[in-house]
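What follows is a single structure, written as structure tokens, with notes after it.
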Amino acid sequence: MSDAELLELLRELVEIESPTYSPGVRAVAERMGRELERLGADVRLLEGDHLVADLPGRGEPLLVLGHCDTVWPNGTLSELPFRVEDGKAYGPGVYDMKACLVLALAAVEQAGPDRRGVRVFLTADEERGSVTAREAMHEATAGVAAALVVEPTGPRGGLKTARKGVGRFVLSIGGRPAHSGTNPADGISAIEEVAHQVLALHGLTDHERGVTVNVGVVAGGTTENVVAAAAEARFDIRVPSEADRDAVDGALAGLRSHVEGTSLELSGAWTRPPLERSAGSDKLFAKAREYGLGLGLDLVEGSSGGGSDGNLVGALGVPVLDGLGVEGGGAHARHEHVLLASLPVRAQLLARMLQDPGL
């Protein structure tokens with residue numbers, strides 16, 4: 001595809017609004033499926049609108065991971081239409097990750113018939129933790145040599161060999177209601193207890209280890225003159241390793257009430273395991289850096305506090321290299337944009353990875 005055709009496909013994908021669990025996700029998958037079939041792929045659209053496509057080639061296949069959903073609700077396009085300005089393309093989902101999908105297609109095409117076998121897996125609900133994709137993704141890893149994730153690049157265009165694990169939890173607190181003026185002593189304040197628990201949860205943050213706990217939502221009570229009978233704290237946890245996850249699990253299990261008579265109930269789960277740096281990811285990065293130098297890219301290795309499908313595949317023992325998508329910025333923000341000049345060169349980088357018989 002020419003640069004003009006790639007840009008037109010990018011515009012088309014961005015203008016298919018695809019918030020998670022909307023019909024647009026399937027429309028993006030179907031559009032990608034048609035392009036992959038044009039390149040000779042055997043394409044299947046699975047239950048849940050996940051797409052898997054197999055392209056023939058030499059040796060064990062390489063798994064290319066991406067997703068078709070975005071965080072932007074339907075109607076955003078009318079406020080933030082697709083546009084190109086000063087070498088940048090703007091629009092909802094253009095960076096995360098419509099341009100990365102275009103890049104993946106360009107790379108497969110450029111790799112040509114002498115490439116490795118390629119399996120493309122596009123998730124329908126990555127922005128919600130790939131909840132419905134787990135089983136299909138597990139099946140897609142069968143027999144692959146490595147996974148190459150076309151999420152956007154890291155800072156300074158770097159690649160990612162590690163990502164933090166992610167947990168989302170709710171701490172529900174029970175108390176006892178009472179009139180705050182006539183008989184406050186009969187009440188047990190769940191809001192007083194949630195204040196203690198917020199401090200305890202934030203106290204689990206350890207920036208040196210890379211562990212963060214953030215209580216992002218607190219709710220409770222009914223009105224000002226009633227001692228609160230219930231409250232809750234919703235919080236996010238990020239950990240760099242399984243050992244840190246186990247330590248945090250122990251701390252959560254050890255939470256105790258401070259206000260006599262209140263009760264605590266913890267719910268939620270770890271939505272993504274940590275993707276830890278490994279010998280396999282080191283090898284993949286070394287190859288990418290070698291190819292990058294030949295393309296004028298001085299690639300650096302890094303990690304990310306955010307999760308991706310690479311976390312899930314890495315937990316299955318598959319070597320992962322992440323951040324092989326486009327350069328840009330503003331993911332999930334109104335100024336989300338792609339540096340268009342990065343699309344062809346980053347596609348060449350991925351194409352060379354797909355041609356490498358030693359990965």
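FYI, side chains are in, hydrogens and waters are out, and symmetry mates aren't considered; it's all heavy atoms of this structure. Given the structure is predicted, the values throughout are model-derived calculations rather than measurements.
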Consider only side-chain heavy atoms of I, L, V, M, F, W and Y, link residues closer than 4.5 Å, and tell whether L62 and L39 are in one cluster.
yes
Closest non-hydrogen atom pair between G292 and L349, with its separation
N-CD1, 3.8 Å
Spacing of R134 atom CZ and L312 atom CG [to the nearest 0.5 Å]:
4.5 Å
Is there a donor-acceptor contact under 3.5 Å from the side chain of K287 to the main chain of D356?
no
Using side-chain contact (heavy atoms from CB on, under 4.5 Å), reason through V52 and L122 one step at a time and then give a plain yes or no.
CA-CA 7 Å; V52 61; L122 302 181; over 6 Å; no
Mark yes or no for whether R128, through its side chain, and V71, through its backbone, hold a donor-acceptor pair below 3.5 Å.
no
Could you give me the CA-CA distance, side-chain angles and deciding distance for V149 and L324, then say whether side-chain contact (heavy atoms from CB on, under 4.5 Å) is met?
CA-CA 6 Å; V149 186; L324 284 160; over 6 Å; no
Please indicate whether D86 has more than 12 foreign heavy atoms, meaning atoms of other residues, nucleotides or ligands, lying under 6.0 Å from its CG.
no
Test item: T123 side-chain N/O and D125 main-chain N/O as donor-acceptor pair under 3.5 Å:
no
N183 side-chain N/O to D186 backbone N/O, donor-acceptor pair under 3.5 Å
no
Less than 4.5 Å apart, any side-chain heavy atom of E242 and any of P273?
no
Should we count CD of E135 as having more than 12 external heavy atoms under 6.0 Å?
no
Please lay out, stage by stage, how S303 and R163 fare under the test side chain to side chain donor-acceptor pair (under 3.5 Å).
CA-CA 5 Å; S303 62; R163 283 184 178 271; over 6 Å; no
Taking it one step at a time, do E193 and S257 satisfy side-chain contact (heavy atoms from CB on, under 4.5 Å)?
CA-CA 7 Å; E193 180 61 43; S257 295; 4.0 Å; yes
Could you check H179 against V226 for side-chain contact (heavy atoms from CB on, under 4.5 Å), going step by step and ending with a plain yes or no?
CA-CA 5 Å; H179 193 292; V226 176; over 6 Å; no
R115 side chain vs G112 backbone, donor-acceptor pair below 3.5 Å:
yes
At what distance, to the nearest 0.5 angstrom, does CG of D322 lie from CG of N311?
7.5 Å
Counting C-beta onward and ignoring hydrogens, is there a side-chain heavy-atom pair between T271 and V131 closer than 4.5 Å?
no
Compute whether any side-chain donor of one residue and acceptor of the other, for T212 and T205, lie under 3.5 angstrom apart.
no
R26 and E30: salt bridge (Lys or Arg N to Asp or Glu O under 4.0 Å), yes or no, with the steps?
CA-CA 6 Å; R26 186 180 184 91; E30 289 174 340; 3.2 Å; yes
Looking only at side-chain N and O atoms, does S172 offer a donor or acceptor that is under 3.5 Å from a partner on E265?
no
NE2 of H332: more than 12 outside heavy atoms within 6.0 angstrom?
yes
How far does CD of E17 sit from CG of N74, to the nearest 0.5 angstrom?
5.0 Å
Between NE2 on residue H50 and CD on residue E139, distance to nearest 0.5 Å:
11.0 Å
Quick one, Y95 and H337 - any side-chain contact, counting heavy atoms below 4.5 Å?
no
If you count the non-hydrogen atoms of other residues, nucleotides and ligands that lie under 6.0 Å from CZ in R34, is the total more than 12?
yes
With a 4.5 Å cut-off on side-chain heavy atoms, are L201 and L255 touching?
yes
When every non-hydrogen atom of T182 is compared with those of P184, the smallest separation belongs to C-CD, 3.6 Å
Check whether NZ of the Lys or CZ of the Arg R83 lies under 6.0 Å from the centre of the six-membered ring of Y90 and within 45 degrees of that ring's axis.
yes
Should the heavy atoms of other residues, nucleotides or ligands under 6.0 Å from CD of E47 be counted, would the total exceed 12?
no
Would T153 and E327 count as having a side-chain donor-acceptor pair, cut-off 3.5 Å?
no
Would you please test E290 and R352 for salt bridge (Lys or Arg N to Asp or Glu O under 4.0 Å) and show each step?
CA-CA 10 Å; E290 175 187 335; R352 294 187 183 187; over 6 Å; no
Quick one: CZ on R168 to CZ on F235, what's the gap to the nearest 0.5 Å?
11.5 Å
Compare every heavy atom of I237 with every heavy atom of V239, then report the nearest pair and how far apart it is.
CG1-CG2, 4.0 Å
Between the side chains of D114 and R58, is the shortest nitrogen-to-carboxylate-oxygen separation below 4.0 Å, so that they form an ion pair?
yes
Membership question, hydrophobic clusters at under 4.5 Å side-chain separation (ILVMFWY): are L264 and V215 in the same one?
yes
With a 3.5 Å cut-off and no angle check, do the side chains of T70 and K98 form a donor-acceptor pair?
no
Can R277 and D282 be said to form a salt bridge (Lys or Arg N to Asp or Glu O under 4.0 Å), step by step?
CA-CA 7 Å; R277 192 169 180 266; D282 285 351; 3.2 Å; yes
On a heavy-atom basis, which atom in R256 and which in Q197 lie closest, and how many Å separate them?
O-NE2, 3.0 Å
Once rounded to the nearest 0.5 Å, what's the spacing between atom CZ of R156 and atom CG of L159?
11.5 Å
Taking all atoms of both residues into account, what is the closest heavy-atom pair of A231 and V194, and its distance?
CB-CB, 4.1 Å
D309 versus S130, side-chain donor and acceptor atoms under 3.5 Å:
yes
What closest approach, in Å, do L55 and A41 show between heavy atoms, and which atom pair accounts for it?
CG-CB, 3.6 Å
Side-chain heavy atoms of D298 within contact of R289, under 4.5 Å
yes
Hey, any chance M1 and V94 share a hydrophobic cluster, counting ILVMFWY side chains that come within less than 4.5 Å of each other, even indirectly?
yes
Indicate whether the side chain of D69 and that of Y21 have a donor and an acceptor atom separated by less than 3.5 Å.
no
Cluster question for you: counting only ILVMFWY and a side-chain heavy-atom cut-off of under 4.5 Å, with indirect links fine, are L343 and L36 together?
yes
Are L321 and F121 connected in the hydrophobic side-chain network, where two residues link if heavy atoms are under 4.5 Å apart?
no
Could you go through the salt bridge (Lys or Arg N to Asp or Glu O under 4.0 Å) check for E301 and K160 one step at a time?
CA-CA 6 Å; E301 177 184 358; K160 304 163 190 175; over 6 Å; no
State, with a plain yes or no, whether a side-chain heavy atom of C68 is found less than 4.5 Å away from one of D49.
no
Looking at K88 and E85, does any basic side-chain N land under 4.0 Å from a carboxylate oxygen?
no
For the residue pair L354 and L148, establish whether any side-chain heavy-atom pair is separated by less than 4.5 Å.
yes
Counting heavy atoms not belonging to R234, are there more than 12 under 6.0 Å from its CZ?
no
Side chains of D96 and H67: do they bring a donor and an acceptor to under 3.5 Å?
yes
Could you check whether any side-chain heavy atom of P92 comes within less than 4.5 Å of a side-chain heavy atom of L77, counting everything from C-beta outward?
yes
Side-chain donor or acceptor of S180 paired with backbone N/O of N225 under 3.5 Å:
yes
